[in-house]
Engineer: 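Here it is, the structure, as structure tokens.
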Amino acid sequence: MKYNEELNLSLVDFGDMEPKPFILGLLSAFDNRFQACADSFFKEITWKQFFAIICVNLCTENPTINELSEIMGSSHQNVKQILIKLEKKEFIKMIPDKSDKRKQRITLTEKSMEFMQKNKAQSDETICRIFDGIDEESLLTTIRTLLSMEKNISEIGSKAD
């Protein structure tokens with residue numbers, strides 16, 4: 001595959017780069033571009049803050065910071081900083097765990113729920129635009145590939161410990 005032609009880039013020369021390192025670079029660049037785009041989408045909060053809200057909302061019970069860190073794929077320190085900012089903006093509350101007071105559980109506020117509802121239509125439209133022209137089979141293949149990569153990363157990380 002001629003990556004330069006596909007990306008319409010003339011500043012770099014990918015030459016005969018193997019697909020695996022190209023995909024890793026492409027994922028990193030995509031993440032940066034998506035974050036910049038999503039950050040401009042919301043006025044009140046950043047994309048990472050919104051992602052934290054989405055992840056908390058998907059949990060079957062109010063998560064701890066460590067649980068949310070694992071779900072988000074980020075460090076405890078980074079997630080804690082995101083949560084501190086969200087709490088100051090009254091999007092979440094940190095409440096002590098009933099059985100272990102050292103743990104804090106994250107709960108969404110009414111403001112978070114209203115924010116998600118208010119932005120749902122525009123968010124759904126943006127997601128549709130991002131995936132425009134990509135068929136269901138390609139999406140499922142991408143999901144399977146990323147899940148396999150995620151599993152491999154977890155295994156690499158557990159061996160490093």
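The shown structure was predicted, so the numbers you read here are calculated from the model rather than taken from an experiment. Note: hydrogens, waters and symmetry copies are ignored here, and every other heavy atom, side chains too, is used.
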Engineer: Is it the case that the side chain of Thr107 and the backbone of Lys93 share a donor-acceptor pair, with hydrogens and angles ignored and the cut-off at 3.5 Å?
Structural biologist: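 No; zero donor-acceptor contacts below 3.5 Å.
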
Engineer: For residues 124-142, pull every pair meeting salt bridge (Lys or Arg N to Asp or Glu O under 4.0 Å), keeping only residues two or more places apart or in separate chains.
Structural biologist: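 For residues 124-142: Lys120-Asp124.
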
Engineer: Any heavy-atom pair between the side chains of Ile53 and Met116 that's under 4.5 Å?
Structural biologist: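 The answer is yes; the side chains approach within 4.5 Å.
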
Engineer: Roughly how far, to the nearest 0.5 Å, is CD of Gln104 from CD1 of Ile92?
Structural biologist: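 Reported to 0.5 Å precision, the distance equals 9.0 Å.
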
Engineer: Under the ring-ring contact (aromatic ring centres under 6.0 Å, His included) definition, can you give me all pairs with a residue in residues 56-77, not counting sequence neighbours?
Structural biologist: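 Of all non-adjacent pairs touching residues 56-77, none passes ring-ring contact (aromatic ring centres under 6.0 Å, His included).
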
Engineer: Just wondering, more than 12 heavy atoms not from Gln35 lying within 6.0 Å of its CD?
Structural biologist: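 Count over threshold, so yes.
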
Engineer: Using a 3.5 Å distance criterion without hydrogens, assess whether the side chain of Ser74 forms a donor-acceptor pair with backbone atoms of Glu70.
Structural biologist: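 Checking the backbone N and O of Glu70 against the side chain of Ser74, no donor-acceptor pair under 3.5 Å is found.
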
Engineer: If we count only N and O atoms by modelled type, under 3.5 Å, do the side chains of Ser99 and Asp97 hold a donor and an acceptor together?
Structural biologist: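 Present: a donor and an acceptor within the cut-off.
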
Engineer: Would you indicate whether the side-chain heavy atoms of Met72 and Ile82 approach each other to under 4.5 Å?
Structural biologist: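 Yes, side chains in contact.
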
Engineer: Which pair of heavy atoms, one from Leu86 and one from Ala52, lies closest together, and at what distance?
Structural biologist: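 Result for this residue pair: CD1-CB, 4.1 Å.
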
Engineer: Can you list every ring-ring contact (aromatic ring centres under 6.0 Å, His included) pair that touches residues 103-139, not counting sequence neighbours?
Structural biologist: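 As it turns out, the ring-ring contact (aromatic ring centres under 6.0 Å, His included) pairs with a partner in residues 103-139, which skip direct neighbours, are Phe42-Phe115, Phe50-Phe115, Phe91-Phe115.
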
Engineer: For Ser69 and Ser75, work out which heavy atoms get closest and say how close.
Structural biologist: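 Looking at all heavy atoms of both residues, the shortest contact is OG-O, 3.7 Å.
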
Engineer: Write down the atom of Asp39, the atom of Trp47, and the distance for their closest heavy-atom approach.
Structural biologist: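 In this case the closest contact between Asp39 and Trp47 is OD1-N, 2.7 Å.
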
Engineer: Ignoring hydrogens and angles, tell me if any N or O in the side chain of Glu67 forms a donor-acceptor pair with the backbone of Thr64 under 3.5 Å.
Structural biologist: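 Indeed, once roles are kept as given, a pair shorter than 3.5 Å links the two residues.
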
Engineer: Would you say Glu87's side chain and Met94's backbone share a donor-acceptor pair under 3.5 angstrom?
Structural biologist: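 Yes: the side chain of Glu87 pairs with the backbone of Met94.
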
Engineer: Picking from Ile106, Leu108, Ile71, what satisfies side-chain contact (heavy atoms from CB on, under 4.5 Å) with Cys59?
Structural biologist: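 Considering Ile106, Leu108, Ile71, a side-chain contact (heavy atoms from CB on, under 4.5 Å) with Cys59 is found only for Ile71.
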
Engineer: Donor-acceptor pair, Gln49 side chain versus Thr46 backbone, under 3.5 Å?
Structural biologist: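 Looks like yes, one N/O pair under 3.5 Å.
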
Engineer: Using a strict 4.0 Å threshold on nitrogen-to-oxygen distance, state whether Lys118 and Glu44 make a salt bridge.
Structural biologist: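 Yes.
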
Engineer: Checking Lys111 side chain against Lys89 main chain: does a donor-acceptor pair fall under 3.5 Å?
Structural biologist: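 Flag set: sc Lys111 to bb Lys89 pair under 3.5 Å.
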
Engineer: For the pair Ser138 (side chain) and Ile134 (backbone), establish whether a donor and an acceptor sit closer than 3.5 Å, ignoring hydrogens and angles.
Structural biologist: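 Absent.
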
